[in-house]
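In what follows, a single structure is set out as structure tokens and then discussed.
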Protein chains: 2
Amino acid sequence: MSSEQIADALEREIICGHYRPGEELKQGEIANRFSVSRIPVRDAFQVLAARGLIDLVPNRRARVINLSVDEIDEVYDLRILLECDCLVRSIRNRTEADTSAIERALAHSNIDARTDRWADSDWMFHASLYRPAGRPRQMAMIENLRSTCRIHIAGYGILPSRTDGWLDDHAALVEAFKERAENRAVEILERHIADARKTVLATFPPV
Amino acid sequence: MSSEQIADALEREIICGHYRPGEELKQGEIANRFSVSRIPVRDAFQVLAARGLIDLVPNRRARVINLSVDEIDEVYDLRILLECDCLVRSIRNRTEADTSAIERALAHSNIDARTDRWADSDWMFHASLYRPAGRPRQMAMIENLRSTCRIHIAGYGILPSRTDGWLDDHAALVEAFKERAENRAVEILERHIADARKTVLATFPPV
DNA sequence: GCCTCCTAAAATGTATACATTTATACATTT
DNA sequence: AAATGTATAAATGTATACATTTTAGGAGGC
């Protein structure tokens with residue numbers, strides 16, 4: 001079990017809600033669990049910290065991030081900015097092969113929509129929409145921001161509200177994509193992400 | 001010398017051109033140089049890798065990134081997207097105190113423009129423009145993308161072409177900022193960053 | 001009951017040691 | 001001379017050990 005594998009395994013546990021926002025991660029406990037020494041665990045922690053999934057202060061225990069309302073707001077604004085830009089580039093580049101990959105991802109997403117795989121399938125669908133843009137670094141940044149959101153979604157047991165409307169958005173996105181209707185696609189996506197933000201922020205205690 | 005300090009020191013050496021793109025970083029050599037064991041150096045490497053400044057493959061030596069033309073292109077597009085958005089938010093939020101901080105940064109930037117501190121001062125100036133937006137995460141992403149660019153700028157000894165025009169852009173940006181002229185400010189900034197990209201890409205061998 | 005101070009336990013940070021993998025140099029072959 | 005194979009050197013990966021720091025819990029005072 002290399003440090004890279006440990007980082008990936010821990011990332012999955014964090015975004016799946018095994019560790020909650022603010023919860024501590026102890027080097028020793030994790031080292032025992034993966035049957036390695038603390039050295040590779042430390043390496044993995046540095047990676048997770050640089051990805052922004054945990055807070056790491058010297059001599060203090062690692063903690064899963066616990067974002068404030070303002071920070072969540074910023075993350076969703078960044079998602080809107082990066083995802084909409086990626087979608088536009090994607091629509092401009094797209095070929096027929098891309099479209100069929102998207103329709104397969106849409107079908108999968110519909111099947112998983114009401115299971116615990118919904119978040120994974122949702123990302124698979126959106127990734128298929130953005131992939132034709134040919135922007136690997138931008139995709140990595142988007143995936144990272146989405147992981148940040150998932151920590152809170154999974155940690156507080158948030159489920160998508162209005163699953164039907166959410167699936168309708170996906171179908172409408174695919175239609176706009178196929179018709180190369182950039183502006184309509186961006187409008188749908190922006191509202192889609194803003195809706196997700198509302199659902200997450202609704203779980204915060206009112207000020 | 002903690003791992004965090006080592007990461008920061010190495011980042012500075014990399015973006016200042018002490019290590020060139022593609023050059024190897026050896027744990028042992030760096031450990032000796034900073035008078036520590038290889039453990040904190042390894043921690044620092046993980047941080048630099050997650051920041052995208054070095055490539056890290058298990059069992060292989062760490063290497064400074066060496067971006068292709070396509071990758072440089074993507075980084076500059078991301079900078080335009082994130083920096084212009086930040087500037088707009090900044091203009092909408094700004095107060096008089098912000099303006100005076102910007103004018104101080106502009107003065108510094110003008111003084112350093114033809115010294116080896118030009119890149120640092122340039123970032124200080126742009127950071128002062130973006131800070132009123134109140135977007136710390138977006139700022140960190142921008143700073144990271146700028147570091148990526150600086151690796152190539154410093155590594156290949158690229159100097160800003162047309163320093164006069166570049167300083168004029170800064171002055172014009174401040175004017176637009178003060179007048180809350182969003183669209184004009186974004187136009188200037190977009191062209192300003194696109195010009196920087198041209199200078200960097202010009203150093204690549206023609207295809 | 002609540003706060004402060006102190007101590008023991010626990011967790012982290014890193015140096016050292018050693019196993020494993022990769023890189024380099026040299027000899028051998030074509 | 002170029003290419004291949006091999007042995008040596010060097011670099012990496014991680015387990016262990018120990019120093020340092022933080023955390024947790026309780027005694028004592030207000």
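Labels below follow one simple rule: chain letters A, B, ... track the order of the sequence lines, proteins then strands, and each chain is numbered from 1.
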If you find the nucleotide of DNA chain D closest to Ile39(B) and the one closest to Glu29(B), which residue's nucleotide is nearer the 5' end? Glu29(B)
Given dT14(D), dT14(C), dA11(C), which nucleotide is nearest the side-chain atoms of Lys26(A)? dA11(C)
Glu4(A) has an atom CD; how far is it from atom C1' of dT12(D), in whole Å? 15 Å
Short question: side chain of Asp98(B), backbone of Thr95(B) - any donor-acceptor pair under 3.5 Å? yes
To the nearest angstrom, the CE-C1' distance between Met1(A) and dG13(D) comes to 15 Å
For dT12(D), give the paired nucleotide (Watson-Crick: N1-N3 plus N6-O4 or O6-N4; G-U: N1-O2 and O6-N3; both under 3.5 Å), or none. dA19(C)
Please work out if Ile6(B) contacts a base, only the sugar-phosphate, or nothing of the nucleic acid, heavy-atom cut-off 4.0 Å. nothing
Measure from the side-chain heavy atoms of Arg61(A) and tell me the nearest of dA23(C), dT14(C), dT23(D). dT23(D)
Would you find more than 12 non-hydrogen atoms of other residues, nucleotides or ligands less than 6.0 Å from Arg94(B) atom CZ? yes
Heavy-atom donor-acceptor pair, Arg42(A) side-chain to dG13(C) base, under 3.5 Å: no
Donor-acceptor pair, distance only, cut-off 3.5 Å: does the side chain of Gln138(A) make one with the backbone of Leu82(A)? yes
Which pairs count as salt bridge (charged side-chain N to carboxylate O under 4.0 Å, His left out) when at least one residue sits in residues 127-143 of chain A, sequence neighbours excluded? Arg135(A)-Asp77(B)
Run Arg51(A) and Ser147(A) through side chain to side chain contact (heavy atoms under 4.5 Å, CB included) and show every step you take. CA-CA 9 Å; Arg51(A) 287 185 193 161; Ser147(A) 292; over 6 Å; no
Under a 3.5 Å limit for both distances, which nucleotide forms a Watson-Crick or G-U wobble pair with dG25(D), could you say? dC6(C)
Does dT14(C) have OP1 or OP2 sitting under 4.0 Å from an N or O in the side chain of Arg38(A)? no
Do Thr203(B) side-chain atoms and Thr199(B) backbone N/O form a donor-acceptor pair below 3.5 Å? no
Should the pair Arg191(A)-Glu187(A) be classified as a salt bridge under the 4.0 Å nitrogen-to-oxygen rule? no
Using whole Å, what does the distance between atom C1' of nucleotide dA15(C) and atom CZ of Phe34(B) come to? 18 Å
Is Gln27(B) close enough to dA10(D) that one of its side-chain N or O atoms is under 4.0 Å from OP1 or OP2 there? no
What residues in residues 51-59 of chain B put a non-hydrogen atom under 4.0 Å from any atom of DNA chain D? Pro58(B), Asn59(B)
So, OP1 or OP2 of dA23(C): does either fall under 4.0 Å of a side-chain N or O from Arg60(B)? yes
Check whether any side-chain N or O of Ser37(A) sits under 4.0 Å from OP1 or OP2 of dA15(D), and answer yes or no. yes
Can you tell me the distance, in whole Å, between the CG atom of Asp43(A) and the C1' atom of dT12(C)? 15 Å
